[in-house]
Amino acid sequence: MATNSKPQFCLFSSLLLILLPILSFGSHCTVTGHGFSIEEASVHDIQLAFKQNQLASRQLIEFYLKQIHRLNPIIKGVIEVNPEALHLADKADSERNLKAPGSLSGLHGIPILLEDNIATKDKLNTTAGSFALLGSVVPNDAGVVTKLRKAGAIIIGKAS
Ligand SMILES: *[C@@H]1O[C@H](CO)[C@@H](O)[C@H](O)[C@H]1NC(C)=O
């Protein structure tokens with residue numbers, strides 16, 4: 001009984017997961033010496049910190065990768081991390097240095113975790129939780145992913 005399990009069709013029933021606040025729970029680390037704390041920061045605060053050179057996307061992504069590494073054995077929320085995340089962070093940082101302040105879109109350089117049934121055409125697997133789909137190649141980014149990338153977000157990984 002083949003059900004239509006192509007990941008892109010699951011998009012409509014799926015929620016965009018922003019698990020990062022959960023991952024920052026329990027950490028007392030402040031990333032910069034200027035009193036900026038990632039745990040407390042909204043996207044707006046982060047953008048401000050980027051603008052004022054208190055924070056770089058690379059630092060932010062490294063922080064979250066470390067948190068995932070540290071907490072995921074307990075939380076088990078993250079299925080895989082994007083092997084290109086640090087590269088994308090560096091790219092965002094150099095774009096920020098080149099472009100006029102205010103010309104970057106709202107999520108520029110901000111890490112986002114997606115639920116695993118949202119199709120991404122990158123190195124990440126899209127499985128909707130099924131081993132049968134591991135290694136399957138999706139034809140395109142899901143619509144929401146296209147929008148997120150356009151807004152400058154960095155897909156840091158897939159969550160269950
Ligand atoms: C995707 O799944 C394959 C097969 O299990 C695995 O080798 C690969 O590392 C996965 N990709 C990522 C980014 O984890």
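Both ligands and their constituent atoms are indexed starting at 1 by order of listing.
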Next item on the list: State, without any angle test, whether K91 and S57 hold a side-chain donor-acceptor pair at a distance under 3.5 Å.
Entry: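 Per modelled atom types, K91 and S57 side chains form no pair under 3.5 Å.
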Check: Would D122 and R149 pass as an ion pair if we require N to O under 4.0 Å?
Finding: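 Judged by the 4.0 Å cut-off on N to carboxylate O distance, D122 and R149 do form a salt bridge.
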Item checked: Minimum heavy-atom distance between R58 and D93, given as atom pair plus value ->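 So the minimum-distance heavy-atom pair works out to N-OD2, 3.0 Å.
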Check: Tracing side-chain links under 4.5 Å among I, L, V, M, F, W and Y, which residues wind up in one group with L134?
Finding: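 Under the 4.5 Å side-chain rule, L134 groups with F131.
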Margin query: Counting only heavy atoms and a distance below 4.0 Å, can you name the residues contacting ligand 1?
Written below: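 Close residues (ligand 1, cut-off 4.0 Å): E80, V81, P83, K123, N125, L134.
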Check: Among all residues two or more places apart in sequence or in another chain, which pass the side-chain hydrogen bond (donor to acceptor under 3.5 Å, both in side chains) test with E84?
Finding: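 If we apply the side-chain hydrogen bond (donor to acceptor under 3.5 Å, both in side chains) test to E84, skipping adjacent residues, there are no hits.
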Notebook entry, point to check: Partners of N82 by side-chain hydrogen bond (donor to acceptor under 3.5 Å, both in side chains), sequence neighbours excluded?
Noted result: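 With sequence neighbours excluded, N82 shows a side-chain hydrogen bond (donor to acceptor under 3.5 Å, both in side chains) to no residue whatsoever.
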